[in-house]
Structures are given as structure tokens and as C-alpha cells.
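Take a look at the structure below.
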Amino acid sequence: MPLSSPHALDSSAVLAWYDLHARDLPWRVSPADRRTGVKPDPYKIWLSEVMLQQTTVAAVKSYFVRFTSLWPTVFDLANAPLDSVLREWAGLGYYARARNLHACAVTVVRDHGGVFPTSSVALQSLPGIGAYTSAAIAAICFDEPVAVLDGNLDRVLARYYALSVPVRDAKEQLRAALQVAVPHRAGDFAQAMMDLGATICAPRNASCLICPLQPGCMAAREGNPLLYPIKPAKAERPVRKGHAFVMLDAAGDVYLQSRPGKGLLAGMTEVPTSEWSADLVDPIYPLPANWRHRGQVVHIFTHFRLELEVWSAVVPPEGLDGGWWSEPALLGGEALPTLFRKVLAAAGLDG
DNA sequence: AATGCGGGGTA
DNA sequence: TACCCAGCATT
């Protein structure tokens with residue numbers, strides 16, 4: 001399935017569009033500043049790129065500002081306790097990213113004197129930095145002429161070539177087609193293509209009349225660009241059910257514990273729960289008490305839907321092991337993922 | 001090559 | 001509701 005278009009990908013047209021319409025983002029050096037010699041800070045580009053993995057710009061902005069305020073350099077982040085990094089990451093999702101972020105900072109300080117490697121190949125050996133992120137950092141910070149292929153580019157290129165198969169079945173062909181189009185301004189080109197995908201060639205709206213790539217775009221020529229990219233068959237989302245137990249002591253403090261270091265929500269904070277299974281079984285309470293049903297919480301993960309029945313009770317402070325008691329007013333500072341903030345809210349706590 | 005891994009914005 | 005987002009690590 002060769003890719004074909006009567007026009008090569010016109011990087012000059014894309015750059016000209018970017019010079020006029022670049023998004024203003026907290027981690028970005030504008031094309032105008034870039035031309036005067038301003039260089040992006042690799043630390044901030046790296047941090048933003050990790051946060052942006054499978055995460056929207058809107059969700060990332062406040063986290064990015066918070067992180068750079070707390071830890072302005074890679075040395076600050078490397079010296080921070082992992083626990084505090086996980087706490088600040090809480091709510092952003094994909095928590096392995098936070099662990100890898102900290103591990104990467106430690107590696108850069110210990111093995112590279114606090115200076116990020118400048119090639120995409122070297123960058124990709126660092127924790128949490130894969131094919132996309134290594135290329136993005138190398139292009140944006142150092143103008144390495146490398147193809148930067150993310151979800152936006154998948155969509156833009158699938159439309160440009162009217163790709164008749166799902167993107168995952170033609171990834172390397174798309175990469176090769178993009179690679180030959182990378183211009184001297186490799187960093188601006190990468191950001192331009194992503195901006196184009198985010199604004200003009202969007203998932204549910206394609207503004208072909210103002211698109212700099214329209215002259216060669218096969219999907220635009222066909223007349224229905226939203227037909228692309230072709231979706232692979234979707235698996236349906238199973239349901240898992242269980243119980244969550246919110247325990248309060250006489251002072252009103254709530255019992256919390258840490259999740260295991262691997263797997264779902266690894267290392268994050270939770271309240272005790274039952275096993276999660278396809279069929280709801282009767283609750284087995286952690287302690288005998290006057291348990292009260294406080295309602296149900298529904299939470300959607302990528303690969304399953306979770307329904308938790310929320311129970312609460314006042315319990316004696318002994319008989320529990322491995323966790324700690326937290327004042328309700330301090331819950332905001334705990335590494336609680338959104339699921340357990342919902343559970344606490346159902347039990348009448350702010351979360 | 002396929003799977004596990006969050007959460008929110010948006011239509 | 002369903003989709004999709006500046007993907008990576010593991011198997």
C-alpha cells in the first residue's frame with residue numbers, strides 16, 4: 001500500500017502558516033523569538049512533552065506551571081522526593097509517567113551532569129522517553145531533522161495520503177514520508193504540524209479551505225476528509241464491580257493506604273476496597289462497625305468501566321495495618337487519583 | 001505485535 | 001454517550 005500524492009508535503013507552506021498562527025503555549029518559544037536566536041530550555045520541553053503524552057494541552061497547562069514553579073531546573077526535580085512528585089502529578093493520569101519523569105531527572109543529573117543529551121537516539125535511552133518524545137525534544141530544542149510523529153500527525157498524514165488502512169498498519173511508511181519533508185527549521189516544523197492537527201485538521205472538523213496542505217491532500221480532493229484515519233475495530237469495555245470502604249476515626253480522620261508499586265494506579269493513595277470483579281459480591285468489611293451505604297461511584301478507565309459501592313463507618317483506630325490517618329482538610333495534598341477523590345466525595349468528604 | 005495504563009474536553 | 005488526546009513500557 002504505497003503512499004501517493006501528486007504533491008510532496010509542502011513544509012514551506014506549513015512554516016509560513018505557523019509563522020502567522022502558532023499557538024501561544026507556556027512551554028513554547030514563538031517562531032519570532034526562535035528566529036532571533038532564543039532557544040527552548042530542554043528541561044521545560046521535556047517536562048511538557050512527558051505531560052502531553054496522551055493528554056490534552058488544556059489539561060497540562062496548570063500542571064506544567066505548577067511543576068516549573070516548584071522545580072525550575074532538572075536538578076530541583078532530581079532532588080525532590082518521588083512522593084512529592086507523585087502528589088503533584090495526582091489527577092493527570094498515567095502515573096508511570098511521573099515515576100519515569102523522576103527517574104529520568106535523576107539519570108540526567110547523575111550521568112549527564114544535568115545536561116540533556118542532544119540527539120534523539122541518546123534521548124530515547126532515558127526513562128519515559130520513547131520514539132515520539134525523543135524526536136520532539138531533539139527537533140524542538142536542537143533542530144535535529146527528525147520526523148516527529150504523534151497522534152495529530154497520524155491524522156494529518158492519514159488524510160493527506162487518504163490512507164486506506166489503520167495508521168498502526170502503516171506507521172513506518174508515514175514516518176518515511178514525513179522524514180523526507182523535514183526542513184531546516186525542524187523544531188518549528190514539528191510544532192507547526194501539531195498545531196495544524198490541533199486546529200485545522202482536527203479529529204471532528206477539517207477546515208480544508210484555510211489549510212496550507214490542501215493542494216496535495218488526497219482526502220480533501222476526495223471531498224470527505226473526516227473519513228480518515230480509518231479506525232481499527234474497537235474492543236468493547238468490560239465492567240468491573242466492587243466495594244470501597246471509607247473509615248473514619250472518632251476525630252473524623254480518614255484511613256488511607258498506598259497501592260502496590262506495579263499495575264493500575266501504582267504507588268498512588270487509596271481507601272481500602274474489595275476485589276473488583278465482573279459480578280458484585282457481598283461486601284466483606286475491613287472491621288466490624290455500623291457500615292452505611294453512601295452510594296455508587298462510576299469511573300471509566302481506558303480498558304474497563306469500574307462501579308464501586310461506597311461504604312463508610314466510624315471505627316476504632318486499632319485493627320488496621322499499613323496505612324495512615326489523614327485529616328479531611330489535608331486530603332488535597334495526598335496522592336489520590338481521581339477515582340478515590342470521587343469515592344471520598346460520595347462519602348461526604350471534600351477529596 | 002498486542003496489551004495495560006487515567007482522566008478530561010468536546011461534540 | 002463515545003471519541004481522542006504532543007505515547008511508553010512490557011510481554
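Lettering of chains follows the sequences in order, A, B, ..., and the numbering in each one begins at 1.
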Within 45 degrees of the ring normal and closer than 6.0 Å to the centroid, is that where the cationic atom of A:R237 sits relative to A:F304? no
Base, sugar-phosphate or nothing for A:L25? Non-hydrogen atoms, less than 4.0 Å. base
Considering heavy-atom distances to DNA chain B, does A:Y95 or A:D169 have its closest nucleotide positioned more toward the 5' end? A:D169
Touch class at under 4.0 angstrom, heavy-atom based, for A:G91 against every strand present: sugar-phosphate
Name the first nucleotide and the last nucleotide along DNA chain B (5' to 3') that come under 4.0 Å of a heavy atom in chain A. B:dG4 to B:dT10
Nearest-nucleotide 5' precedence on DNA chain B, A:R204 against A:F301: A:F301
Please list each protein N or O that sits under 3.5 Å from an N or O in nucleotides 9-11 of chain C, with the distance.
| unit_1 | atom_1 | unit_2 | atom_2 | d |
| --- | --- | --- | --- | --- |
| C:dA9 | OP1 | A:G128 | N | 2.6 |

Numerically ordered, the residues 45-60 of chain A set in heavy-atom contact under 4.0 Å with DNA chain B is A:Q54, A:T55
Indicate, with a heavy-atom threshold strictly under 4.0 Å, whether A:A131 touches base, sugar-phosphate, or nothing. sugar-phosphate
With sequence neighbours excluded, residues passing side chain to side chain contact (heavy atoms under 4.5 Å, CB included) with A:E307: A:V239, A:K241, A:Q296, A:V298, A:R305
Exactly one candidate in A:H293, A:R294, A:R292 meets side chain to side chain donor-acceptor pair (under 3.5 Å) with A:S312; the answer is A:R294
Taking all heavy atoms of A:A162 and all of A:E222, pick out the closest pair and write down the distance. CB-OE2, 3.5 Å
Salt bridge (Lys or Arg N to Asp or Glu O under 4.0 Å) partners for A:R66, two or more places apart: A:E88
Other ILVMFWY residues reachable from A:M247 by side-chain steps of under 4.5 Å: A:F245, A:Y255, A:Y285, A:L287, A:W291, A:W311, A:V315, A:L320, A:W325
What nucleic acid atoms does A:R23 come within less than 4.0 Å of, heavy atoms only: base, sugar-phosphate, or nothing? base
